[in-house]
Number of protein chains: 2
Amino acid sequence: MNLRERKKRRTRDALLRAALELFATRGYEETTVDDIAAAADVSQRTFFRYFAGKEETAFFVPRLAETHVVEAVRARPPGEAPLEALRRAVLESWDTINEAIEELVPIELHMRVYRVIESTPALLAAHLRRAAELEEQLAQIIAEREGLDADVDPRPRIIVALFGGVIRVTERLWSAGDDLSLDAMRQLTTTYLDQVGPALAENWRTKPSP
Amino acid sequence: MNLRERKKRRTRDALLRAALELFATRGYEETTVDDIAAAADVSQRTFFRYFAGKEETAFFVPRLAETHVVEAVRARPPGEAPLEALRRAVLESWDTINEAIEELVPIELHMRVYRVIESTPALLAAHLRRAAELEEQLAQIIAEREGLDADVDPRPRIIVALFGGVIRVTERLWSAGDDLSLDAMRQLTTTYLDQVGPALAENWRTKPSP
DNA sequence: AGGCTAGTGACAGCCACTGACAATTGACAA
DNA sequence: TTGTCAATTGTCAGTGGCTGTCACTAGCCT
């Protein structure tokens with residue numbers, strides 16, 4: 001890797017870390033691009049040469065995680081039922097994701113930024129749109145696994161929408177709670193996924209909540 | 001109603017219609033607030049006195065629809081299973097919603113704007129966030145119906161997330177297709193909701209798609 | 001009729017973002 | 001090494017969304 005390449009990487013990382021640090025401490029809306037550029041000691045114009053917009057810095061790490069999840073789903077054995085494959089892929093990918101993140105920014109900083117994403121309307125909106133795109137990808141993968149065409153058979157999109165919905169609910173609850181550990185997230189996710197069956201029962205009153 | 005009040009209503013409607021017309025013909029990003037204000041023959045500053053932002057004009061009509069849906073769910077008999085109540089509420093509310101919309105803008109214009117929302121990243125993101133808020137409301141209503149606490153029992157949020165996921169999939173497919181009629185939407189929705197059960201089956205290969 | 005106030009326009013300014021151009025800096029061959 | 005080329009950067013100017021301020025006008029109320 002060149003001196004030039006290394007310099008670029010350093011600048012990008014400096015901008016990224018500066019941005020996330022500022023978002024986590026001061027808040028997203030309260031941070032201007034000029035602040036970020038100043039903190040990384042480059043011009044505002046340079047910031048926009050590394051990131052398409054302020055938003056992109058906030059989603060740089062989540063994008064990593066998404067990539068891992070997609071690959072984890074692809075790697076699942078074809079025998080598994082779709083929902084099972086999605087569930088196992090997500091649960092197992094979280095372990096490995098953390099290492100990849102830590103190379104870029106401290107996990108703890110990432111957690112704090114995640115909270116900011118969930119509590120900042122503009123960022124939450126962007127997050128949900130990204131999630132929708134991810135779901136589209138996953139639906140295609142599931143369709144392939146099952147030898148179906150997602151544009152004809154509704155089931156791949158439905159099962160992914162269901163799964164995605166549950167994940168988003170748990171994400172929200174997790175980020176609103178006070179235990180931001182990986183274990184808490186894992187616990188919440190399995191609990192909620194286990195409730196999908198009961199939720200579809202005709203009459204809820206026969207079986208109380210856990 | 002005052003002359004003053006009437007004048008205000010007229011100004012707001014003029015701005016709204018001008019905005020939607022411009023969005024539908026020229027596109028959202030290609031329309032500036034100055035364009036909208038000019039088309040309605042008021043200053044840009046006045047535009048911002050009627051709408052919090054450009055985005056709000058695009059979601060003015062959808063907001064109406066959401067209100068109707070919430071009320072329709074509230075009006076469902078308590079005996080129905082949750083998913084059934086949601087399904088019937090949505091299907092039945094569409095009929096009545098259209099009349100309310102037509103008082104404000106032509107339905108046909110609304111349809112064209114809806115397409116713009118689905119195909120404009122910034123608007124789609126906002127739409128998904130609004131949908132998430134709506135789901136939260138519906139989860140509370142469902143929890144009440146069943147005499148549960150949505151913060152303790154996961155099932156209300158899960159069932160609403162599932163339902164919302166399916167609705168969003170159908171919205172997307174509908175707006176991407178070429179039959180923008182109400183009947184097409186209704187058809188698509190019932191078909192997809194009917195596939196929820198099959199989608200949860202362990203092995204999809206036993207039963208092909210319809 | 002005349003004072004009161006809600007609604008408006010004009011103006012200035014902030015912030016995200018972009019295009020254009022000039023200055024700088026690393027890469028690479030002579 | 002040095003000179004040349006290309007990549008990277010900073011500066012400047014401009015656009016569009018959005019907000020605060022202030023003076024002015026138009027409808028309301030007694």
Side-chain angles (χ1 to χ4, degrees), chain A residues 1-16 18-23 25-60 113 116-117 120-127 129, chain B residues 1-16 18-23 25-60 113 116-117 120-127 129:
Chain A
M1 209 196 245
N2 275 351
L3 167 56
R4 204 171 245 177
E5 297 282 309
R6 267 179 285 138
K7 224 173 178 180
K8 271 171 69 178
R9 173 66 59 94
R10 243 188 300 134
T11 307
R12 193 204 62 183
D13 289 356
L15 280 167
L16 184 61
L20 298 189
E21 202 71 60
L22 284 166
F23 294 163
T25 57
R26 194 188 305 181
Y28 179 76
E29 313 272 16
E30 291 72 28
T31 304
T32 71
V33 173
D34 283 310
D35 292 336
I36 301 169
D41 209 43
V42 295
S43 73
Q44 190 226 46
R45 197 66 184 83
T46 293
F47 171 89
F48 284 108
R49 289 195 176 102
Y50 281 91
F51 300 96
K54 193 166 74 152
E55 208 180 86
E56 205 183 276
T57 59
F59 291 108
F60 197 89
V113 172
V116 173
I117 290 175
T120 306
L123 289 181
L124 179 57
H127 175 61
R129 201 197 55 206
Chain B
M1 211 196 237
N2 271 348
L3 169 56
R4 197 121 92 182
E5 298 280 311
R6 267 179 287 138
K7 225 173 177 178
K8 271 171 68 178
R9 173 65 60 93
R10 243 187 300 133
T11 307
R12 193 205 61 185
D13 289 356
L15 280 167
L16 185 61
L20 298 189
E21 203 70 60
L22 285 166
F23 294 163
T25 56
R26 193 188 306 182
Y28 180 76
E29 314 272 17
E30 291 71 28
T31 303
T32 72
V33 174
D34 284 312
D35 292 336
I36 302 168
D41 208 44
V42 295
S43 74
Q44 190 225 46
R45 194 66 184 84
T46 293
F47 172 90
F48 284 107
R49 288 194 177 102
Y50 282 90
F51 300 96
K54 192 166 75 151
E55 206 179 88
E56 205 183 276
T57 59
F59 290 109
F60 197 89
V113 172
V116 174
I117 291 176
T120 306
L123 289 181
L124 179 57
H127 175 60
R129 201 197 54 207

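Naming convention: chains lettered A, B, ... in sequence-line order (proteins, then strands); numbering from 1 in each chain. Just so we're clear, the structure is a prediction, and the values are computed from it rather than from any experiment.
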Any N/O pairs under 3.5 Å between the protein and nucleotides 1-5 of chain D? List them or say none.
none

Looking at A:K7, does any N or O in its side chain come under 4.0 Å of the phosphate oxygens OP1/OP2 on D:dT8? no
Which heavy atom in B:A39 sits nearest to a heavy atom in B:A18, and how many Å separate them? CB-CB, 3.8 Å
The residue, B:L3 or B:R49, whose nearest nucleotide of DNA chain D is more 5′ is B:R49
How close do A:E30 and A:D35 get, heavy atom to heavy atom, and via which atoms? O-OD2, 4.0 Å
Rounded to whole Å, how long is the line connecting atom CD of B:E55 with atom P of D:dG17? 12 Å
Going 5' to 3' along DNA chain C, which nucleotides are the first and last within contact of chain B (any atom under 4.0 Å from a heavy atom)? C:dA6 to C:dA10
When every non-hydrogen atom of A:A40 is compared with those of A:L15, the smallest separation belongs to CB-CD2, 3.6 Å
Mind checking if B:F47 touches a base, just sugar-phosphate, or nothing, with heavy atoms under 4.0 Å? nothing
5'-most contact on DNA chain C (nearest-nucleotide basis), A:R45 vs A:V33, goes to A:V33
Using 30° and 60° as the class boundaries, would you call the ring planes of B:F59 and B:H127 parallel, tilted or perpendicular? parallel
Against the side chain of B:K54, the closest entry in D:dA26, D:dT21, D:dG17 is D:dG17
Provide the closest heavy-atom pair for A:A122 versus A:E55 in the form atom of the first, atom of the second, distance. O-OE2, 4.5 Å
Please determine, for the side chain of A:Y50, which listed nucleotide (D:dT19, D:dT9, D:dT21) has the closest atom? D:dT9
B:R9 CZ to D:dG27 P, straight-line distance once rounded to whole Å: 18 Å
Expressed in angstrom and rounded to an integer, what is the separation of B:E29 atom CD from D:dG17 atom C1'? 12 Å
To the nearest Å, give me how far apart CD (A:E5) and P (D:dT8) are. 7 Å
Evaluate whether atom CG of B:D34 has more than 12 neighbouring non-hydrogen atoms of other residues, nucleotides or ligands under 6.0 angstrom away. yes
Look at atom CZ of B:R9 and say whether more than 12 heavy atoms of other residues, nucleotides or ligands are closer to it than 6.0 Å. no
Spacing of B:Q44 atom CD relative to D:dG17 atom P, expressed in whole Å: 8 Å
Starting from C1' on D:dT19, measure out to CG on B:D34 and report it in whole angstrom. 14 Å
Would you mind reading off the distance between A:R10 atom CZ and D:dT9 atom P, rounded to a whole angstrom? 11 Å
Does the side chain of A:L20 reach to within under 4.5 Å of the side chain of A:F60, using non-hydrogen atoms? no
Going by heavy atoms in the side chains, are B:L22 and B:I36 under 4.5 Å from each other? yes
Has B:N2 got a side-chain N or O lying under 4.0 Å from the OP1 or OP2 atom of D:dG27? no
